[in-house]
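Here is the structure we will look at, set down as structure tokens.
Computation of the quantities below employed the complete heavy-atom set of this structure, encompassing side-chain atoms and omitting hydrogens, waters and symmetry-equivalent molecules.
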Amino acid sequence: MPVVRFVEWFRGALTALNRKLAPPPIALFEMFTAAAGAQAVCAAAQLGIADALAAGPRGLSELAADIGADPGYLRRLMRWLISQGIFTQHPDQTYALTPLAEPLRTDAPVSLHSFARFIGSAQHRQYWSYLSDAVRNGTVVIPEAMGGLPFFDYVRKDREFGAIFDDAMTSISELMLEPMLAAGNFGQYGTIVDIGGGRGRLLAEILARAPETRGILFDLPEVVADVPVVDRCTVVAGSFFEAVPEGGDAYILKHIVHDWPDDLAEKILRTVHDAMTDSARLLLLEIVLPEGNRPHRGNFLDLEMMVSAGGRERTEHEFRELLAAAGFDLVRVIPTITPDSIVEARKVIDNTPPLPRRDLGEVE
């Protein structure tokens with residue numbers, strides 16, 4: 001982890017130096033055009049270019065025919081992508097994959113294909129176009145194209161976009177899965193309840209590594225309707241705003257709390273609190289923002305939550321306050337080599353003394 005943190009710092013320092021070496025108008029102009037570059041990468045995913053090149057290099061005409069694109073326009077898109085190290089062109093003028101293009105394949109070990117399709121969707125761009133309005137009003141601005149529906153209601157109604165969103169969230173979860181499993185000792189719990197656990201990918205991996213542990217997967221009925229049966233796992237349908245299964249030794253909420261503003265996040269946590277025994281633990285798998293204004297990947301996601309769902313990323317201090325309001329005491333924060341951490345908490349009961357503040361990752 002220290003090596004990863006140093007590399008992150010070094011990359012950030014190089015980025016800052018690069019900007020300082022350019023005149024301010026040029027540096028700012030490059031930030032503007034980064035949005036267009038992101039859309040170009042998303043277009044590559046939407047067109048399926050990486051999948052088409054997975055079988056081997058293709059010439060322009062052959063590639064255009066494979067993906068159903070105009071050769072002239074495709075050549076111009078590829079020129080920009082190649083200039084950024086995404087794809088390459090051989091001396092015989094055929095196009096091929098590069099390591100940076102591999103994650104755009106749908107079958108890559110860690111694929112960002114679905115996430116790119118989500119980021120490049122018209123619906124996602126609609127939300128970001130209202131960022132300044134959200135800041136002025138202090139609330140999410142719902143685009144007219146969404147029919148007046150909040151984000152999570154809209155993705156449930158528009159299932160074509162909803163499927164893209166679901167796949168995108170699954171692909172992002174893959175990035176943090178192994179580091180999270182390595183950081184947390186989930187095998188110490190007899191029964192783990194995964195609240196809002198989606199299709200059960202995280203819980204299945206935990207159970208595979210913890211043969212003595214049982215699991216309960218909990219999510220909305222339409223989400224878990226056809227989830228494959230996993231050994232030692234029970235599937236329960238419901239809403240975490242109403243009630244969650246009782247009897248767990250640990251309750252996991254992965255990327256749930258950040259979806260909601262403080263009042264609704266507190267409501268979810270109180271629902272979980274009501275179902276927990278005094279000895280059970282709450283495990284929030286979330287980004288924990290650093291104090292201050294230094295660069296951090298979570299800062300982008302904080303803006304993402306601001307413009308889409310009205311949620312937020314939080315610092316350790318903000319998690320501590322939110323948990324206290326819902327009847328919990330923050331035990332510790334366990335960092336991983338990804339931006340995500342494990343925020344561990346326990347119920348506050350009448351005879352439970354408050355825990356002293358702990359440093360990140362300090363073991364009890």
Backbone of [Y] reached by a side-chain donor or acceptor of [X] within 3.5 Å:
X: T315; Y: E291; answer: no
X: E242; Y: S239; answer: no
X: T88; Y: A96; answer: no
X: H296; Y: G298; answer: yes
X: E316; Y: R332; answer: no
X: R232; Y: T213; answer: yes

Do [X] and [Y] come close enough that some side-chain heavy atom pair is under 4.5 Å?
X: M306; Y: V135; answer: yes
X: R11; Y: V7; answer: yes
X: L149; Y: D158; answer: no
X: V331; Y: R281; answer: yes
X: R199; Y: D226; answer: yes
X: T94; Y: L63; answer: no
X: M169; Y: H255; answer: no
X: L301; Y: H258; answer: no

Co-membership, hydrophobic cluster, residues [X] and [Y], 4.5 Å side-chain:
X: I216; Y: L284; result: yes
X: V236; Y: V272; result: yes
X: M305; Y: L289; result: no
X: I172; Y: L100; result: no
X: L28; Y: L131; result: no

For [X] and [Y], work out which heavy atoms get closest and say how close.
X: E313; Y: I287; value: OE1-CB, 3.6 Å
X: P245; Y: Y251; value: O-OH, 2.8 Å
X: V224; Y: A237; value: CG2-CB, 3.9 Å
X: C233; Y: L203; value: SG-CD2, 3.7 Å
X: A116; Y: C42; value: O-SG, 3.2 Å
X: G248; Y: T277; value: O-OG1, 4.4 Å

* To do: Kindly indicate, with the supporting measurements, whether the criterion side-chain contact (heavy atoms from CB on, under 4.5 Å) is fulfilled by Q126 and V307.
  => CA-CA 10 Å; Q126 282 268 356; V307 299; over 6 Å; no
Going by atom type alone, with no hydrogens or angles, which donor-acceptor pairs under 3.5 Å involve a side-chain atom of residues 260-267 and a protein atom two or more places apart or on another chain?
unit_1: D262; atom_1: OD1; unit_2: R314; atom_2: NE; d: 3.2
unit_1: D262; atom_1: OD1; unit_2: R314; atom_2: NH2; d: 2.8
unit_1: E266; atom_1: OE2; unit_2: R270; atom_2: NE; d: 3.1
unit_1: E266; atom_1: OE2; unit_2: R270; atom_2: NH2; d: 3.4

Which residues satisfy the side chain to side chain donor-acceptor pair (under 3.5 Å) test with [X], sequence neighbours excluded?
X: E102; value: R105
X: R125; value: Q39
X: E304; value: H124, W128
X: T336; value: T338

Any chance you could measure [X], atom [atom1], to [Y], atom [atom2], to the nearest 0.5 Å?
X: I67; Y: Q46; atom1: CD1; atom2: CD; result: 11.5 Å
X: I192; Y: L207; atom1: CD1; atom2: CG; result: 7.0 Å
X: I49; Y: Y95; atom1: CD1; atom2: OH; result: 9.5 Å
X: F115; Y: L175; atom1: CZ; atom2: CG; result: 9.0 Å
X: D194; Y: I252; atom1: CG; atom2: CD1; result: 5.5 Å
X: Y189; Y: L283; atom1: OH; atom2: CG; result: 4.5 Å

* **Residue pair V343, V257: steps toward the side-chain contact (heavy atoms from CB on, under 4.5 Å) verdict** => CA-CA 11 Å; V343 180; V257 173; over 6 Å; no
* Asked: Which ring-ring contact (aromatic ring centres under 6.0 Å, His included) pairs, counting each pair once, include a residue from residues 318-345, with sequence neighbours left out?
  ->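 Found H273-F328.
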* What pairs meet the ring-ring contact (aromatic ring centres under 6.0 Å, His included) rule with one or both residues in residues 3-56, with sequence neighbours excluded? ->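 Pairs touching residues 3-56 that pass the test: F6-W9.
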Return each pair, listed once, that meets side-chain hydrogen bond (donor to acceptor under 3.5 Å, both in side chains) where at least one residue sits in [range]; pairs must be two or more places apart or across chains.
range: residues 23-35; result: none
range: residues 161-174; result: R159-D166, S173-K254, E174-R201
range: residues 130-140; result: none

* Given Y127, which of F151, Y154, F161 fulfils the ring-ring contact (aromatic ring centres under 6.0 Å, His included) condition? ->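 Of all the options given, the one that passes is F151.
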* Among pairs that include at least one residue of residues 175-187, which meet salt bridge (Lys or Arg N to Asp or Glu O under 4.0 Å), considering only residues two or more places apart or in two chains? ->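 Pairs touching residues 175-187 that pass the test: E178-R209.
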* To do: Any chance you could lay out the side-chain contact (heavy atoms from CB on, under 4.5 Å) test for D219 and V227, step after step, and finish with the verdict?
  => CA-CA 11 Å; D219 213 316; V227 170; over 6 Å; no
* Asked: Please walk me through it: do L285 and D340 pass side-chain contact (heavy atoms from CB on, under 4.5 Å)?
  -> CA-CA 7 Å; L285 278 50; D340 286 288; 5.8 Å; no
Distance-only check: which donor-acceptor pairs under 3.5 Å involve side-chain atoms of residues 69-83, not counting sequence neighbours?
unit_1: D70; atom_1: OD2; unit_2: G72; atom_2: N; d: 3.1
unit_1: D70; atom_1: OD2; unit_2: Y73; atom_2: N; d: 2.9
unit_1: S83; atom_1: OG; unit_2: W80; atom_2: O; d: 2.5

* Quick one: which of D329, D278, L330 gives a side-chain contact (heavy atoms from CB on, under 4.5 Å) with R346? ->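 When side-chain contact (heavy atoms from CB on, under 4.5 Å) is applied between R346 and each of D329, D278, L330, only D329 qualifies.
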* Would you indicate whether R214, at its atom CZ, is surrounded by more than 12 heavy atoms from other residues, nucleotides or ligands within a distance under 6.0 Å? =>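 Open.
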* Under a 4.0 Å N-O cut-off, is there an ion pair linking E8 with R5? ->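 Looking at R5 together with E8, the answer is yes, because their closest N to O distance falls below 4.0 Å.
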